[in-house]
Every structure is written in structure tokens, then in C-alpha cells.
**Student:** 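Before we start, here is the structure in question, set down as C-alpha cells.
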Amino acid sequence: MLQKPRGTRDFLPDEMEARRHVEGKLRDVARCYGYREVCTPEFEDLELFTMRSGEGIIEEMYVFEDKGGRKLALRPEITAAVIRMYINEAKVAPKPLRWCYFADCFRYERPQKGRYRQFWQFGVELIGADTAAADAETIMLASDMLNATGVTYELKVGHLSFMKNLVKDLEPAMQRRVRAHLDKKDYEGLNATLESLNRMDLADSLTALVNTRDLVEAFEIAGAIPEKERFEQTIGSLDAAGVKYSLNFGIARGLDYYTGMVFEGFAENLGAENQILGGGTYRLAHLFGGDDVASCGFAIGFDRVMVALGDILPAVVPVVGLVCTSEGRTRALVVAKALRDAGIRTEMDLMGRGLGAQLAHASKTANFAIVIGQREAESGQVTIKNLSTAEQKTVDLAAAIAEVRAFGPR
RNA sequence: GCCGGGGUGGGGUAGUUGGUCAUCCUAGAGGAUUGUGGAUCCUCCGACCCGGGUUCGAAUCUCGGCCCCGGCCCCA
């Protein structure tokens, strides 16, 4: 039997309902903040991604050549494409731009819990606002979105300048290495690296920095940071807004294009892949030939959120199984149309089953049975049966519709 | 790419000193029951992940591959 490609998933109706439900929550919050949805191509020029992240990422992407010999790649993330679109289409739009997206991405990686080769991200990009207020709004939005899903998580906020300031005298390659050690809390590796550089004097302050959760202390450790005032304002806004977070100056993010504030979210009850959100301020547009616009954004790992949420009870919406005899079928079609026009999910027999069998099927798939036989066809009324209580009565169509509509959790 | 554990009808399962027609539950279709469901009974449908090897004979042993689950690496 043909199998689906490795790292991909099929979603049955129950699961799709749950996913759409959570996606809708995220979208609602983003909309309330003024973020409007955009959509970019599923695949782009390979160059878009290599310019952003280096040639090394080719190994982790789905890369192919089309019939015109173009080098293309399935998008491994969306931010680069959004910024490309901004440069192509919206450079002169009034700032700031508030955009969001919900889209699938592709990475050629080893699948494991919460990691798939096709996965969905819900992301947000705030373009053209280079202020503490912009940074704070982005984090607040992230917090509200995760809260809306109901996932249990921890939000960590940091700033790259603290660590950069401590290691600014090192070679860029060594800076990156030190940051990598700290990101992984690999203190042995850190010491080995510092020792080889003869810079053991940095060890204490670096470890103190990644361990402190206090802003004042962080400034004392890191020294003069140009963005001190802005970050203080950002944090002040978060506190004023009641955002729950912890400070963490060990966040390095993988990429060089992040410029200042960075933040990450981690879910509980996930395996090794427990990061569900990542973002920060960045400058990317100049790489693609645009102005050097400041941006701030984040992406939520939608599939991981779904894994962390576990089983979600499907929404309770009434379903009507329309049961009819052959004499009642013409009238039943009219009734079905009326129910559907009223927005009620209505299913009719397609198997040529008898009344009893139709009812048996309805009992598995519906909350109400509406029976149309010869008697109902002649009287114009309908017989409605509540399939969980077995109560049955014959009433006008309008009354039946009202009863179905009244169904729901109390 | 690396390490460990797995793969039997749609779902869940039994089945190794290799040996009749591969077990059971559930789901699905039909019937007993052509104006009232969930019970019961009967019938039907439907599987040993793929390929090579050993063997008279492989779900079972062996090798390779594919896929799944966890972890490592990586994580834009």
C-alpha cells in the first residue's frame, strides 16, 4: 500500500476541527491587535533562503529545479518571504505594517515528537516600527495568542546586546561559539573555549548573565548597553500590561539577523522539542535589496501547540439525521433545505435504507432525528426525536428548527 | 546523519523449538425486522510493511530497505 511521505500527517475530520478551532483563536487575537493576514507562495527562489540563512540550510530544505531550470525551494519558514513581499509590494505602505500568516512550512529533518517535515506556523510580523512600544506589543500579542489557545507555557524574554557586549572583543566566529555554548548551557564547553582564547576572565560574568533573572543585575554584569533605555521601557510595558514572563539573557536564537530583543515560549508536557514560539527584533529587508527597515515578529509552532493541548473535545453543534420513507422523500427534501437554510447540519439517507436502519444510523451520527413519512408529508408537520433522550413529538417545522437551535452545552 | 524500541484487516489485538484454511474484539456492509435507534443472533467485507536469504515449508529465523515512536544532532 502507498504510504504518505515521511514526516507528513493525515488529518481526519475530528482532528481538523480541533486544529481549525485553535487556529481561529490565534487569528482572532491577531485580528484584534490589527494584524491582517497575508499569504506568500509555497515555494520561492532558493536564493531567498540562502541569503537569509547561508548555504548550509540547503541540506535541510526541499530543494528542486523546475522545468525552466530555476532553483526553487519549499519554504522552510515564512519570515523571509513576508519581508520579500514587503519589498516587492508594500514598501511605501503607511508604517507600521501589522501582518500575520498561518501557513505550512517544509524542512528535511528527522521526525520526532513535535517535529514533522511539513508543519504549520502561525506568525506575526510588525514592520517599520523601531520602538520599545513595538517590541512590547509583539510580546504582548504573543502572550495573548498563547493564552487564547489554553496551552500551558513559559515565556522567556531577553536581549542580545547584553551577551554581545561582554564578548565584543572576541572574533565574530568565537562570539558565535560562546553564544552557542551558553544557549545550550554547556558550561564545560564554554570554559574550554574561553581557556583556549585566554579569556577566562569572561567566564564568571557570562554564566552570571545567563543565570540572572533580574534586569538591574543584568545591567550591572553586562555594562553599558546602548539599548538600555529601550529595553527598560519594553519591560516596563510588559509589566504594566500584566504579561507573565521571565527574563533570560541566555537566549541566543540561531540567527545573526536578530538585532536586539528576543523571546521564546516553551510548552510543558512536550518532549525534547518543547519550544512553541520564537521571535524578536530583526533587520532582514536590506538583504533582499530593500531599505533597512526594522521589524519585529514571532512564529508559533502550531503543531507543537496542538500536541501540548492534547485531545480537544469537538465543538458541540447539533446534527440532524433526516429520516424518511419513500412516501415522505419529496417532502423530506423540502424540509432538509429549510434546515440547511437555517444553518443546521442536516444529513439524509443515501443508502436506500429502511426507516429503522436510518434511525440506527442517525443514532450514531446525529443528535436529532427528524422523521418524514406519509403522515408528516400529508400534514406538513415533522416528527422530531431527541436521540439522546428518546423524546419524540410531532410539531411544525419552525418549532423543530427552534428546538434544534436550542441544543448545546449548558 | 546517529542511537534505542517497534510494524498482523480501518482501529485494537492473539499467535516463536518455523508446520492445517492466521485468533478475538471493534468499526463497516447486509439480514432476522418495508413507521421508530443503541440489545441479541446470523452472513459478508477485510491483514502478517516491502524485498532478498535459509528451508520441503517463514507472521515466526536472517540481511537490507521503508515507515512509526522516543532520544541525539540540528533547529532559520
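Every chain is numbered from 1 and lettered A, B, ... according to where its sequence line falls, protein lines coming before strand lines.
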**Student:** Taking atom C1' in both B:G4 and B:U43, what distance in whole Å separates the two?
**Tutor:** 46 Å
**Student:** Could you tell me the separation between the CD atom of A:E59 and the P atom of B:A76, rounded to a whole number of Å?
**Tutor:**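 These atoms are roughly 16 Å apart.
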**Student:** At 4.0 Å (heavy atoms only), tell me whether A:E60 reaches a base, stays on the sugar-phosphate, or touches nothing.
**Tutor:** base
**Student:** Between B:U26 and B:A58, how far is it from one P atom to the other, in whole Å?
**Tutor:**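 Going atom to atom, P in each nucleotide, I get 33 Å.
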**Student:** When you check the gap from the basic side-chain N to the acidic O, do A:R70 and A:D45 get nearer than 4.0 Å?
**Tutor:**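 No, this pair does not count.
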**Student:** When rounded to the nearest Å, what value does the distance between C1' atoms of B:U8 and B:A22 take?
**Tutor:**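 Between the two C1' atoms, the distance is 9 Å.
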**Student:** Give one of base, sugar-phosphate or nothing for A:G114, where a contact means two heavy atoms less than 4.0 Å apart.
**Tutor:** nothing
**Student:** Taking the P atom of each, how far is B:G52 from B:U17, in whole Å?
**Tutor:** 26 Å
**Student:** Quick check for you: to the nearest 0.5 Å, what is the distance between A:L182 atom CG and A:T207 atom OG1?
**Tutor:**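 One finds 8.0 Å between CG of A:L182 and OG1 of A:T207.
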**Student:** Give a yes or no on whether a donor-acceptor pair under 3.5 Å exists between the nucleobase atoms of B:C74, that is its base, and the side chain of A:R107.
**Tutor:**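 Not at all, since no donor on one side and acceptor on the other fall under 3.5 Å apart.
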**Student:** Summarise protein proximity over nucleotides 30-48 of chain B in one line of letters, 5' to 3': B for base, S for sugar-phosphate only, - for none, counting protein heavy atoms closer than 4.0 Å.
**Tutor:** S----BBBB----------
**Student:** Could you please name the partner base of B:G64, counting Watson-Crick and G-U wobble pairs only when both distances are under 3.5 Å?
**Tutor:**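 For B:G64, the partner nucleotide comes out as B:C50, under the 3.5 Å rule.
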**Student:** For B:U13, what is the paired nucleotide under Watson-Crick or G-U wobble rules, both distances under 3.5 Å?
**Tutor:** none
**Student:** Starting at CD of A:Q112 and ending at P of B:G5, how long is that distance when rounded to a whole Å?
**Tutor:** 18 Å
**Student:** Check the distance between B:C74's P and A:M61's CE and give it to me in whole angstrom.
**Tutor:** 19 Å
**Student:** Can you tell which of A:E137, A:E37, A:E125 makes a salt bridge (Lys or Arg N to Asp or Glu O under 4.0 Å) with A:R98?
**Tutor:** A:E137
**Student:** Under a 4.0 Å threshold between the charged nitrogen and the carboxylate oxygen, would A:R117 count as salt-bridged to A:D104?
**Tutor:** no
**Student:** Taking the P atom in each of B:U40 and B:A27, what is the distance between them to the nearest angstrom?
**Tutor:**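 That atom pair is separated by 10 Å.
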**Student:** Between A:Y258 (OH) and B:C75 (P), how many Å, whole number?
**Tutor:**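 Atom OH in A:Y258 sits about 13 Å away from atom P in B:C75.
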**Student:** Looking only at non-hydrogen atoms, find the nearest pair between A:H159 and A:F249 and report the distance.
**Tutor:** N-CD2, 4.1 Å
**Student:** Between B:G12 and B:C21, how far apart are the C1' atoms? Round to whole Å, please.
**Tutor:**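 B:C21 and B:G12 have their C1' atoms separated by 24 Å.
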**Student:** Using atom C1' of each nucleotide, how far apart are B:U54 and B:C63 to the nearest Å?
**Tutor:**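 Taking atom C1' in both B:U54 and B:C63, they lie 11 Å apart.
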**Student:** Sticking with atom P, work out how far B:C69 lies from B:A59, rounded to a whole angstrom.
**Tutor:**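 That atom pair is separated by 27 Å.
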**Student:** Is the Lys NZ or Arg CZ of A:K228 less than 6.0 Å from the centre of A:F219's six-membered ring, within 45° of the axis?
**Tutor:**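 Because its charged atom sits under 6.0 Å from the ring centre and within 45° of the axis, A:K228 does stack over A:F219.
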**Student:** Roughly how many Å is it from CD in A:E273 to P in B:C69, rounded to a whole number?
**Tutor:** 13 Å
**Student:** I'd like to know if A:D130 and A:R283 make a salt bridge, using a cut-off of under 4.0 Å between side-chain N and carboxylate O.
**Tutor:**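 Salt bridge present between A:D130 and A:R283.
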**Student:** On a plain distance test, is the side chain of A:R110 in donor-acceptor contact with the base of B:G70 below 3.5 Å?
**Tutor:** yes
**Student:** Given that A:K113 and A:K4 both sit by RNA chain B, which one's nearest nucleotide is further toward the 5' end?
**Tutor:**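 First, find each residue's nearest nucleotide; the 5'-ward one identifies A:K4.
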**Student:** Mind checking who B:C21 pairs with, Watson-Crick or G-U wobble, both distances under 3.5 Å?
**Tutor:**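 No nucleotide pairs with B:C21.
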**Student:** Rounded to whole angstrom units, what separation is found between the CD atom of A:Q358 and the C1' atom of B:A29?
**Tutor:**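 Result: 16 Å.
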**Student:** Taking pairing as Watson-Crick or G-U wobble with both contacts under 3.5 Å, can you name the mate of B:C41, or confirm there isn't one?
**Tutor:** B:G31
**Student:** Going by side chain to side chain contact (heavy atoms under 4.5 Å, CB included), A:L155 matches just one of A:L238, A:L277, A:N147, A:N248. Which one?
**Tutor:** A:L277
